[in-house]
Protein chains: 2
Amino acid sequence: MQLTRQSEYAIRTMLELSMLPEGEFMQSRTIAARQELPEQFLNKTVQILARSGLVETRRGMQGGIRLTVKPGEITIADVVAAVEGKIALNPCLADGYHCANQPACRVHGILKRAQAAMLAELGKETFAELAGEDENRITS
Amino acid sequence: MQLTRQSEYAIRTMLELSMLPEGEFMQSRTIAARQELPEQFLNKTVQILARSGLVETRRGMQGGIRLTVKPGEITIADVVAAVEGKIALNPCLADGYHCANQPACRVHGILKRAQAAMLAELGKETFAELAGEDENRITS
DNA sequence: AGTAATAAGATGATATTTATCCTGTTTGTG
DNA sequence: CACAAACAGGATAAATATCATCTTATTACT
Ligand code: SF4
Ligand code: SF4
């Protein structure tokens with residue numbers, strides 16, 4: 001019932017990239033250092049983001065990672081889905097899964113609504129907003 | 001990002017017990033059979049529920065498991081919390097954890113709201129309501 | 001050519017999940 | 001009291017997921 005570390009790393013990476021001028025690259029070393037993430041593991045994570053089409057990478061000198069989407073058009077929900085696959089609070093909420101007593105199951109409906117509510121919140125703020133002002137936050 | 005099987009088993013067990021006349025026992029074999037759950041594993045799960053004060057057990061003939069709470073006073077949120085511990089979408093949402101950049105972290109706030117929204121839905125219907133009528137549900 | 005950067009595959013250390021087995025303990029019944 | 005029924009609890013284990021790290025490419029700029 002928790003995000004994986006990898007999802008968090010991905011979110012913080014996307015946040016870092018969202019703060020860059022559009023089209024600019026940032027290197028994974030830099031991201032790792034700034035966010036204090038394990039560099040090699042971050043590389044793997046970036047590969048996932050790249051395959052999902054959220055970022056693109058360039059090798060060699062002057063290389064690095066940059067967004068292929070506009071910060072205003074993606075949310076934490078998108079990043080988590082990219083890293084962990086489509087979110088499903090329970091197997092019966094995943095595509096293609098079928099539970100025998102699902103039609104009558106009242107638990108199913110509740111879980112479904114809970115998941116929808118969670119996703120709605122995760123999808124409310126875009127990275128553009130997240131990367132914006134850092135102050136005037138509610139602390140806790 | 002998913003409930004454990006054990007949580008689901010616990011929910012379905014509580015649901016089964018909620019349908020019993022107040023104060024009555026049901027045996028774990030019966031629950032396991034009716035809900036098609038692995039019996040021994042269910043026993044472990046029941047122990048957790050018992051330690052959390054949601055059910056009480058009696059050994060020996062005529063023994064079994066019964067609720068120690070009123071079905072109208074507990075929700076899925078309570079059961080999941082009992083089995084998995086207090087829900088925290090991310091380590092920084094758990095009690096006592098401290099992340100260095102938490103005060104300024106805007107991700108934290110979003111995760112917190114997402115979690116709150118999810119818990120609100122999970123806490124909306126009590127087991128009394130869940131155990132009530134089985135029909136007139138939205139199927140998908 | 002050389003260097004800086006990501007890609008990709010293999011491997012592994014841990015932790016969690018999902019059980020099962022065996023033995024103990026409690027309790028009602030005859 | 002002996003027995004059987006039912007849960008309790010500890011040990012064990014298989015499967016899977018998580019969180020990496022190591023090594024060897026491959027790509028691209030200079
Ligand atoms: S019993 Fe209900 S909640 Fe559980 S898997 Fe089946 S449909 Fe989903
Ligand atoms: S970086 Fe933000 S979201 Fe991540 S653990 Fe720290 S406070 Fe929580």
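For the pair A/R66 (side chain) and A/L20 (backbone), a donor-acceptor distance under 3.5 Å is absent. A donor-acceptor contact shorter than 3.5 Å is absent between the side chain of A/T57 and the backbone of A/G64. A donor-acceptor contact shorter than 3.5 Å is absent between the side chain of A/E121 and the backbone of B/R113. With A/T75 contributing its side chain and A/K124 its backbone, the two residues share no donor-acceptor pair below 3.5 Å.
B/E8 has a carboxylate O that lies under 4.0 Å from a charged side-chain N of B/R12, or vice versa, which qualifies the two as a salt bridge.
Rounded to whole Å, atom P of C/dT3 lies 9 Å from atom CE of A/M61. For the pair A/M26 CE and C/dA4 C1', the interatomic distance rounds to 17 Å; values are reported in whole Å. What separates CG of A/L3 from P of D/dT18 is a distance of 11 Å, to the nearest Å. Rounding to whole angstrom units, NZ of residue A/K44 and P of D/dT18 are separated by 17 Å. For B/L42 and D/dA8, the CG to P distance is 11 Å, given to the nearest whole Å. Between B/F41 atom CZ and C/dT20 atom C1' there is a gap of 11 Å when expressed in whole angstrom units. Rounded to whole angstrom, the span from the CE atom of B/M1 across to the C1' atom of D/dT18 amounts to 16 Å. Between B/N43 atom CG and C/dT23 atom P the separation is 17 Å, expressed in whole Å.
Nucleic acid contact for B/Q27: sugar-phosphate only, since backbone atoms but no base atoms lie under 4.0 Å from a heavy atom of the residue. When heavy atoms are screened at a 4.0 angstrom cut-off, B/Y9 is found touching the sugar-phosphate backbone but no base atom. Within the 4.0 angstrom heavy-atom criterion, base atoms lie near B/Q40.
Distances shorter than 4.0 Å separate none of the side-chain N or O atoms of A/Q62 from OP1 or OP2 on C/dA5. Listed pair A/T57 / C/dA7 meets the phosphate criterion, a side-chain N or O lying under 4.0 Å from OP1 or OP2. For C/dT17, neither phosphate oxygen OP1 nor OP2 lies less than 4.0 angstrom from any side-chain nitrogen or oxygen of B/T4. Here A/R5 does not reach the OP1 or OP2 of C/dA15: none of its side-chain N or O atoms lies under 4.0 Å away. Between B/Q47 and D/dG9 there is a side-chain polar atom (N or O) within less than 4.0 angstrom of OP1 or OP2.
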Side-chain donor-acceptor pairs of residues 22-30 of chain A under 3.5 Å, sequence neighbours excluded:
from	atom 1	to	atom 2	distance (Å)
A/S28	OG	A/N43	OD1	2.9

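For the 3.5 Å distance criterion, the side chains of A/E84 and A/S7 qualify, holding a donor opposite an acceptor.
Checked by distance alone, A/R59 brings a side-chain donor or acceptor within 3.5 Å of a matching partner on the base of C/dT6.
Axis angle across the helix from C/dA1-D/dT30 to C/dG30-D/dC1, with five pairs used at each end and values rounded to 10°: 10°.
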